[in-house]
Amino acid sequence: MDAFYASVEQRDDPALRGRPIAVGGSRERGVVAAASYEARVFGVRSAMPSVTARRLCPDLVFVKPRFDAYRAISEEIRVVFAEHTPIIEPVSLDEAYLDVTENLQGLPTATDVARAIRASILARTGLIASAGVSYNKFLAKVASDFKKPDALFVITPAMGPRFIEDLAIGRFHGVGPVTEAKMKRLGIHTGGDLKARSLDELATAFGSHASYYYGVARGIDDRPVRAHRIRKSIGAETTFFDDLAEFDALAERLQPLIDKVWTSSTMKAVRGRRVTLKLKFSDFEQITRARSVPACVPDRAAFEAISLGLLREAFPLRRSVRLVGVSLSALEHGPQTAPEQLGFGL
């Protein structure tokens with residue numbers, strides 16, 4: 001979906017149409033969850049501190065998120081997908097992979113399916129979706145972003161190898177800003193540069209990610225579209241209005257997050273064997289502390305004890321903390337709960 005949260009807000013409030021808007025908190029400690037294309041012209045991006053966004057775009061309008069509305073629309077879109085294929089792998093509320101090798105409408109090509117889905121989404125929701133069509137997940141993802149907004153881009157098997165060679169390394173899915181900078185320091189600026197490196201060279205520079213980079217540089221991505229994905233973790237986090245540095249203050253702020261994660265795991269009938277604590281400091285540097293246990297964490301008291309123990313391990317702090325988060329992973333579901341009932345990370 002194109003600028004999904006922001007587009008929903010502009011659809012529902014005509015006064016916001018054509019204006020630069022950011023979905024998120026406008027206060028000093030706020031973060032942009034999504035930005036309209038009018039705001040992106042000024043450099044406003046998701047995950048950007050609100051104060052930075054306001055500085056880049058003084059006329060920026062902040063809108064409080066309405067996640068219930070976004071989830072409802074996401075379900076409408078899922079209904080459209082299901083009319084064309086049962087093989088749907090949601091990535092987030094606004095993005096999914098579809099395997100349309102055999103489509104339910106009998107359309108002759110994947111491009112026809114994508115065109116029909118985009119038209120249905122627009123007719124039913126009034127929102128614009130972009131689509132990428134290709135012969136594997138990596139290229140489909142790249143294609144979906146390549147001509148945004150309001151785009152349908154196709155990478156055929158015939159054009160795939162040359163397309164990848166010419167692709168800027170920053171546009172490779174799975175190459176974030178830090179990895180992009182490292183690759184450029186190594187002289188890797190395009191897919192062709194990446195393809196020229198041996199697997200051993202990539203392993204030395206990028207460790208366990210090397211085989212992925214080696215494969216996609218050659219157009220190889222054998223990952224299937226998985227219709228049922230078990231949630232890998234359940235987490236919660238919060239950003240403070242004022243930075244905190246005392247253990248007791250941080251422990252107090254951690255309590256509602258522990259409640260939220262444990263309640264969510266209980267509702268989904270899952271338990272986990274690994275607890276992870278995240279701290280983001282005033283300078284935006286981030287650390288994590290984690291602990292795995294032999295059997296699933298049995299109850300909230302144990303979850304709290306492990307979480308607070310991880311917090312204590314992070315002391316003494318050299319800087320104050322602006323964000324704290326906690327998560328439960330290595331999840332296992334109960335015997336009464338089928339994997340597909342655990343949700344899709346939506």
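Scope of the values below: all heavy atoms of this structure, side chains included, with no hydrogens, waters or symmetry mates.
Ion pairing between Lys195 and Glu165 holds under the 4.0 Å rule for side-chain N and carboxylate O. Salt bridge absent: Arg197 and Asp193 never bring a charged side-chain N and a carboxylate O closer than 4.0 Å.
Arg322 and Ser282 share no side-chain donor-acceptor pair at under 3.5 Å. For the residue pair Ser198 and Glu201, a side-chain donor N or O sits within less than 3.5 Å of a side-chain acceptor on the partner. For the residue pair Asn103 and Thr85, no side-chain donor N or O sits within less than 3.5 Å of a side-chain acceptor on the partner.
Between Phe138 and Tyr212, the two ring planes are perpendicular [angle over 60°; tilted spans 30° to 60°]. Aromatic ring orientation, Tyr70 versus Tyr5: parallel (interplanar angle below 30°, classes split at 30° and 60°).
A distance below 6.0 Å separates the ring centres of Phe146 and Phe163.
Both tests pass for Lys182 against the ring of Phe206: distance under 6.0 Å to the centre and angle within 45° of the axis. For the pair Arg40 and Phe42, the cation does not sit on the ring face, since its NZ or CZ is not both under 6.0 Å from the ring centre and inside 45° of the axis.
The NZ atom of Lys148 sits 14.0 Å away from the CZ atom of Phe153 when rounded to the nearest 0.5 Å. For the atom pair Trp262 CH2 and Arg300 CZ, the distance stands at 9.5 Å (nearest 0.5 Å). Rounded to the nearest 0.5 angstrom, His84 NE2 and Asp112 CG are separated by 11.0 Å. Expressed to the nearest 0.5 Å, how far CG of Leu194 lies from CE of Met183 amounts to 5.0 Å. Distance check: Ile77 CD1 to Met1 CE gives 4.0 Å after rounding to the nearest 0.5 Å. Distance check: Ile73 CD1 to Arg124 CZ gives 14.5 Å after rounding to the nearest 0.5 Å.
Taking each heavy atom of Ser50 and Val31 in turn, the nearest pair found is OG-N, 3.2 Å.
No donor-acceptor pair under 3.5 Å is formed between the side chain of Gln286 and the backbone N or O of Leu279. Lys137 places no side-chain N or O within donor-acceptor distance of the main-chain N or O of Tyr97, the cut-off being under 3.5 Å. Between the side chain of Ser74 and the main chain of Leu93, a donor-acceptor pair closer than 3.5 Å is present.
For Arg319, the CZ atom counts as densely surrounded, since its 6.0 Å shell holds more than 12 non-hydrogen atoms of other residues, nucleotides or ligands. Atom NE2 of His189 is surrounded by more than 12 heavy atoms from other residues, nucleotides or ligands within 6.0 Å. For Arg223, the CZ atom counts as densely surrounded, since its 6.0 Å shell holds more than 12 non-hydrogen atoms of other residues, nucleotides or ligands. Annotation: Glu102, atom CD; neighbour count of heavy atoms from other residues, nucleotides and ligands within 6.0 Å does not exceed 12.
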Working for side-chain contact (heavy atoms from CB on, under 4.5 Å), residues Ser327 and Ile234: CA-CA 5 Å; Ser327 64; Ile234 300 173; over 6 Å; no

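Exactly one residue among Arg66, Arg17, Lys64 makes a side chain to side chain contact (heavy atoms under 4.5 Å, CB included) with Glu9. That residue is Arg66.
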